[in-house]
Novice: 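Below is the structure I would like to discuss, written out as structure tokens.
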Amino acid sequence: MADIPTRYNPKETEDKWYRYWEEKNLFSARPNPHKKPFCIVIPPPNVTGILHMGHALNNTIQDILIRYHRMKGDESLWMPGTDHAGIATQNVVEKKLAKEGLKRQDLGREKFIDRVWQWREEYGSTIIRQLKKLGASCDWGRLRFTMDQEYSRAVREAFVQLWSKKPSGLIYQDDKVINWCPRCQTALSDEEAPHRPLKGNLYYMRYPLKQGLSPKGTVPAYVVVATTRPETMLGDTAVAVNPNDKRYKKLIGTTITLPLVNREIKIISDSMVDMKFGTGAVKVTPAHDPNDYLLGKKHNLSFVNVMYPDGRMNENAGDYKDMDRFEAREVILEDLKQKGLLDKVQPHELSAGHCYRCHTIIEPYLSKQWFVKMKPLAKPAIEAVKNGRIKFHPKRWTKVYLNWMENIQDWCISRQIWWGHRIPLWYCRDCQKLALASIDDPKECPICKSANLKQDEDVLDTWFSSWLWPFATFGWPFEQKKGQSPAGTVPSSSEDLSYFYPTSVLVTAPEIIFFWVARMIMAGMEFIKEIPFKDVYIHGTVRDIEGKKMSKSLGNIIDPLDIIAEYGADALRFSLISITAQGQDVFLSKERFEQGRNFANKIWNASRFIMMNLEQQQGQSPAGTVPDLCVFFSATRIGGSAKNLGGKKEGLGIVNRWILSRFYSVLKELDRNLAAYKFNEAANLLYGFFWHEFCDWYLEMIKSDIGNKHNQVVMYKVLEKSLRVLHPFMPFITEELWQRLQGFLPKGTVPANSIMIQPWPHIQEQIIDKKAETQLSSLIELITAIRNIRQELEIPAQGKINARIFITSSPRKELLQKMAVHIRNLAGVEELSFARGYKKSAGTFETVLKDMHIVIHLSGATDVQKHKHRLQEKIKKLEAEIRSKEKLLGNRNFVEKAPGEIIESEKAKLKELRGRFKKMEAIKDGLR
RNA sequence: GGGCGCUUGGCUCAGUUGGUUAGAGCGGUAGAUUUACAUUCUACAGGUCAGAGGUUCAAGUCCUCUAGCGCCCACCA
């Protein structure tokens, strides 16, 4: 077949087939009562996202599952979409504005939001295009966006439901110290402010007592407090000590004059104070520390906020007003030093929250925010996992989930940004009351009927919309929906939801468990009263070869799109999967992708070879015109029983029976691995089977008689089925080759559309032939042994050797005789003979292999010493093995307690080893 | 302070419920090639499975402890 190039070129196939699949609408899924549903909702990437290796891994896994189930006959839906990613997207657009010298405030809220939408029109589909490059078979007709009108309605619905939950709503507003990002200028949830270690200092500051030194010197002049954030001292409203601390007992209730601001504050006592830390006296800043906030509440302290939202000091900071918080720190320290109030400075490792979007150090900040009460939501979500309705894979994540859920804190959901779902609460400007929470924009105040209403300024946390993803994407809520979509297009009732929900599996990374997985479970239980998914598969994090997380700032990124361009999407997918052990992190280097590329090329060339030979047998005309082959193809109908082949299975010949048996044995294991989410094992299984068994042994063996009809049929069948089972892993190359193979189908058979909708091969137990598998592995062993001697003795490849095989069992002898042609061809043996009884002859080189004694006759000189040396080494190994077996079998405990079959096999093994040892010794002694 | 993961040939990693001689890819060494594929083929070398103890007839695999590395959570100012 002259038109098949010798190398696989992904560029010529990938886009072509992706377009084809989309045109044929092969990704779409609709409720089908005759099929089982299988559904995955995609973790919606940010609209600002560009495909990174984490995405590539995450989506390859999902695509494998979806394609696998689609082929297995499930109605398989992969629901796609993107996330509006409030803060991230707003930041991107603000940066763009900054280049024009503008701030978002210059535009105003509405115009700014218009700009964001504009931005999303232009760039928002980048990630979708990239997912397509990867081969993702999402049902794109259903693409959702969390800011879509329909979706936004779901968000409001969820808010209002929680708000109006009986007996008391689950949403409340409160003044609390929350995580504040001074750069993004918004509140964040605890999850959005991960703690990172920070090198800093512990500053010991002297706070003078108001009464000063007592006459007898029994009271000190000052109390020393330690802090890592000196700038917050401007907001101190107390100093706290432990009530049991003898050092400070007398001072409790006395007054301190706070330096620099000269505020009078009290020394209070609280058991929360750790006597062992610092000086045992702690400054209390209720407006800038969550602990101090609690103390402040408990002891009725005043709350002095000393910062503007942007992290500069405010009017409460006196002389330090308008300084940045870290600049103020330095100046304050200097001023304290001047006054002799800086006691000492110690280096100190601390950890501080960082904004997960811009990495700025979080300021604990007192402000009025909206919260969701989480305990009531967590309860059923904990139950769903505890009773096994939702399972984590690997299991260990269950504990992580439960631990978090059982200690869950209320969720701060208000954000002081513009891009997002605005909180659906309205206030009346006239009666000055909170008017209502509503799904639709209200026209008037329900209390005073005024139309002068104002909506809350804040937007909701992005995750407040994502947690609804598994059902909001199906059009929830339904009852309020008016009007159906045009007949026969997208079902707009709850039909989809009731068919596909609960979804089958959620695939994501560990860092998303709290943000999203846990919350989706809570939302599912709360709003649908049903779990959102049955399985959660947590895969590892993609790291660079040194174990660092890949990130732009570290500059260690391997761009999946570069890999696709260089090696192809299939290579990217296959390599990623084959190195990703279940749930373990992935350490990546570019070279890793060569394996995938090489494998793709191997598949390509094996197919090329087979097609060339099918064609050669059939002349240049389309294959199906050769009647003989037609008969065979129709007799064997894909998936048909091998018994139909040429009358009976035996007629196929042992090599064909072997490869068919291996295929189905591998298939069995493949199914097992996929069901257990062991993708790497599945991939490596296919790799080993296709490359080493099918190409290196099977094709090499049938090569010499490739025109044989049995060989023709079997090589075709195994190739065709291998392509199918490889398809979920490597969709593009398998489609390309499978389409080419269609040309060999008998005339009149209508070729199917695409490999992706072919049935997944059924396991055919009657074709699995363990006897043939054993026989072939013994043949392979024999051939390998002869090759080994050959190379050991440095016999050139063209050098002729003759071999005589002594074998006592006559059925085994007959069998080997039948396969003699393979021994000749693959081991390069010219004259081959078999005999039952061993006879010593001169000028030979020998080795012993289980029940076979191999004698090689050579012409020409060879290195006898080398051979002898190697023999000696093998004998040594044998001796060691024999000794350990003897010891084992000599152990009374073993003989009494081990299962009979184990003992028997050990005995047989020992016998065989002893026999082999004897023969090897004899061979060695025969050598001079 | 809790929790989790990892430690297996030069490198990167697999190893199901304990049961023959612990596997793969890359790298190394030696050889092959007008043959489907040099993105190839063949053969070889290389491992006391981090350390110690325990359970067991039998441990890379189960238990305990130790060491090193990594991650997550937590209000040590």
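Note on naming: letters A, B, ... go to the chains in the order of the sequence lines (proteins, then strands), and numbering restarts at 1 for each one. Values reported hereafter were calculated over all heavy atoms of this structure, with side chains retained and with hydrogens, waters and symmetry mates removed. Since this is a predicted model, take the numbers as computed values, not measurements.
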Novice: So, does A:R396 get its side chain near the phosphate of B:rC4, meaning an N or O under 4.0 Å from OP1 or OP2?
Specialist: no
Novice: Tell me, please, whether A:F609 has A:K703 positioned over its six-membered ring: NZ or CZ under 6.0 Å from the ring centre and within 45 degrees of its axis?
Specialist: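 Yes, A:K703 sits over the ring of A:F609.
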Novice: How about A:R7 and A:W604: do any of their side-chain heavy atoms sit closer than 4.5 Å?
Specialist: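 In short, these two side chains do not touch, never coming nearer than 4.5 Å.
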Novice: Could you state the atom-to-atom distance from CG of A:N825 to C1' of B:rU35 in whole Å?
Specialist: 13 Å
Novice: Need to verify one output field. Residue with the more 5' nearest nucleotide on RNA chain B, A:T784 or A:R597?
Specialist: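 Looking at RNA chain B, the more 5' nearest nucleotide goes with A:R597.
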Novice: Look at A:R787 and B:rA43 and indicate whether a side-chain polar atom (N or O) is within less than 4.0 Å of OP1 or OP2.
Specialist: yes
Novice: Establish, with yes or no, whether the OP1 or OP2 oxygen of B:rC41 is under 4.0 angstrom from a side-chain nitrogen or oxygen of A:K602.
Specialist: yes
Novice: Could you please name the partner base of B:rC13, counting Watson-Crick and G-U wobble pairs only when both distances are under 3.5 Å?
Specialist: B:rG23
Novice: Pick the nucleotide of RNA chain B nearest each of A:N684 and A:D292; which residue has the one closer to the 5' end?
Specialist: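 On the 5' side of the pair lies A:N684.
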Novice: Report yes if at least one side-chain N or O of A:H348 is closer than 4.0 Å to OP1 or OP2 of B:rA77; otherwise report no.
Specialist: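 Yes.
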Novice: State the pairing partner of B:rC71; accept Watson-Crick or G-U wobble contacts with both distances under 3.5 Å, and report none otherwise.
Specialist: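 Pairing partner: B:rG3.
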Novice: Taking atom P in both B:rU61 and B:rA50, compute the distance separating them and give it to the nearest angstrom.
Specialist: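 Straight-line distance between the two P atoms is 8 Å.
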Novice: Taking CZ from A:R672 and P from B:rU16, how many angstroms apart are they, rounded to a whole number?
Specialist: 12 Å
Novice: Checking base pairs now: Watson-Crick or wobble, both atom distances under 3.5 Å. What partners B:rA45?
Specialist: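 Because no pair has both required distances under 3.5 Å, B:rA45 counts as unpaired.
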Novice: Using a 4.0 Å heavy-atom cut-off, does A:H692 contact any base of the nucleic acid, only the sugar-phosphate backbone, or nothing at all?
Specialist: sugar-phosphate
Novice: Measure from the side-chain heavy atoms of A:K885 and tell me the nearest of B:rU42, B:rU21, B:rG19.
Specialist: B:rU21
Novice: Side chains of A:T847 and A:K874 only: does a donor on one sit below 3.5 Å from an acceptor on the other?
Specialist: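 No, no side-chain donor-acceptor pair sits under 3.5 Å.
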Novice: At under 4.0 Å between heavy atoms, what does A:V273 touch on the DNA or RNA strands: base, sugar-phosphate, or nothing?
Specialist: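 Since a base atom lies under 4.0 Å of A:V273, the category is base.
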Novice: Need one value for A:P899: base, sugar-phosphate or nothing, where a base atom within 4.0 Å counts as base even if backbone is also close, heavy atoms only.
Specialist: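 A:P899: base contact, heavy atoms under 4.0 Å.
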Novice: To the nearest angstrom, how far is A:I513 atom CD1 from B:rG3 atom P?
Specialist: 18 Å
Novice: In this structure, how many angstroms lie between the P atom of B:rA59 and the CG atom of A:N891, rounded?
Specialist: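 Going from CG in A:N891 over to P in B:rA59 covers 11 Å.
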Novice: Whether A:E881 and A:K876 form a salt bridge (side-chain N of Lys/Arg under 4.0 Å from carboxylate O of Asp/Glu) is what I want to check.
Specialist: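 Salt bridge between A:K876 and A:E881, a charged N being under 4.0 Å from a carboxylate O: no.
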Novice: Quick one: A:W404 CH2 to B:rC4 P, roughly how many Å, whole number?
Specialist: 19 Å
Novice: Under 3.5 Å, is there a donor on one side chain and an acceptor on the other for A:E693 and A:Y698?
Specialist: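 Absent: no donor and acceptor within the cut-off.
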Novice: Within the 4.0 Å heavy-atom criterion, would you say A:R229 contacts the bases, only the backbone, or no part of the nucleic acid?
Specialist: nothing
Novice: Yes or no on salt bridge (Lys or Arg N to Asp or Glu O under 4.0 Å) for A:D274 and A:K276, after CA distance, side-chain angles and deciding distance?
Specialist: CA-CA 5 Å; A:D274 179 359; A:K276 278 172 267 164; 5.1 Å; no
Novice: Under a 3.5 Å cut-off for both contacts, is B:rC65 paired Watson-Crick or G-U wobble with anything, and if yes, with which nucleotide?
Specialist: B:rG51
Novice: At under 4.0 Å, does any side-chain N or O of A:K399 touch on OP1 or OP2 of B:rC73?
Specialist: no
Novice: Looking at A:E873 and A:K877, does any basic side-chain N land under 4.0 Å from a carboxylate oxygen?
Specialist: no
Novice: Mind calculating the distance between CG (A:L888) and C1' (B:rU56) to the nearest angstrom?
Specialist: 13 Å
Novice: Please tell me if A:S607 has a side-chain N or O lying less than 4.0 Å from either OP1 or OP2 of B:rA36.
Specialist: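 No, because none of the side-chain N or O atoms of A:S607 sits under 4.0 Å from OP1 or OP2 of B:rA36.
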Novice: Specify the separation, in whole Å, of atom CH2 of A:W397 and atom P of B:rC73.
Specialist: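 Distance, rounded to whole Å: 10 Å.
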Novice: Below 4.0 angstrom from OP1 or OP2 of B:rU40, is there any side-chain N or O of A:N598?
Specialist: yes
Novice: Name the nucleic acid region contacted by A:E792, choosing base, sugar-phosphate or nothing; use a 4.0 angstrom heavy-atom cut-off, strictly under.
Specialist: nothing
Novice: Hey, does the side-chain of A:E906 have a donor or acceptor N/O within less than 3.5 Å of a partner on the base of B:rU20?
Specialist: no
Novice: Go through the N and O atoms of the side chain of A:N893 and the base of B:rC57, and report whether any donor-acceptor pair is under 3.5 Å.
Specialist: no
